[in-house]
Amino acid sequence: MFDYRHQLDDDLALLPPLPRHAGGQFAAIERSRPRIRKWLNWVDETKSADDVRTFFLMCCRDIG
């Protein structure tokens with residue numbers, strides 16, 4: 001898996017889209033769905049954490 005971490009400060013780091021983060025990311029999508037739909041055309045097609053996990057795995061494969 002692609003290994004990258006950029007620490008911004010003590011509490012914040014940038015990480016690649018790791019599959020273990022899919023559940024939290026899906027929860028954020030669910031909470032924000034009405035607001036983000038107009039900017040992100042993939043929102044309505046993202047129906048589960050597994051959809052997010054599949055996307056993250058694809059991203060990591062393409063990066064690494």
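Taking all atoms of both residues into account, the shortest heavy-atom contact from Ala49 to Gly23 is CB-CA, 4.0 Å. Heavy atoms only, all atoms of each residue included: Val43 and Arg33 are closest at O-NH1, 2.6 Å. Pairing each heavy atom of Arg37 with each of Pro34, the nearest pair is NH1-CA, 3.9 Å.
To the nearest 0.5 Å, atoms CG (Leu8) and CG (Leu14) are separated by 4.5 Å. Here Leu57 contributes atom CG and Leu18 contributes atom CG; the two are 9.5 Å apart, rounded to the nearest 0.5 Å. Rounding to the nearest 0.5 Å places CG of Leu15 at 7.0 Å from CZ of Arg20. The CG atom of Asp50 sits 12.5 Å away from the CZ atom of Phe56 when rounded to the nearest 0.5 Å.
Atom CZ of Phe55 has 12 or fewer neighbouring heavy atoms from other residues, nucleotides or ligands inside a 6.0 Å radius.
Residues Arg53 and Phe26 fail the side-chain proximity criterion, which asks for heavy atoms closer than 4.5 Å.
Between the Gln7 side chain and the Leu12 main chain, a donor and an acceptor come within less than 3.5 Å of each other. Side-chain N or O atoms of Lys47 include one that pairs as donor or acceptor with a backbone N or O of Asp44 at under 3.5 Å. Side-chain N or O atoms of Ser48 include one that pairs as donor or acceptor with a backbone N or O of Asp51 at under 3.5 Å.
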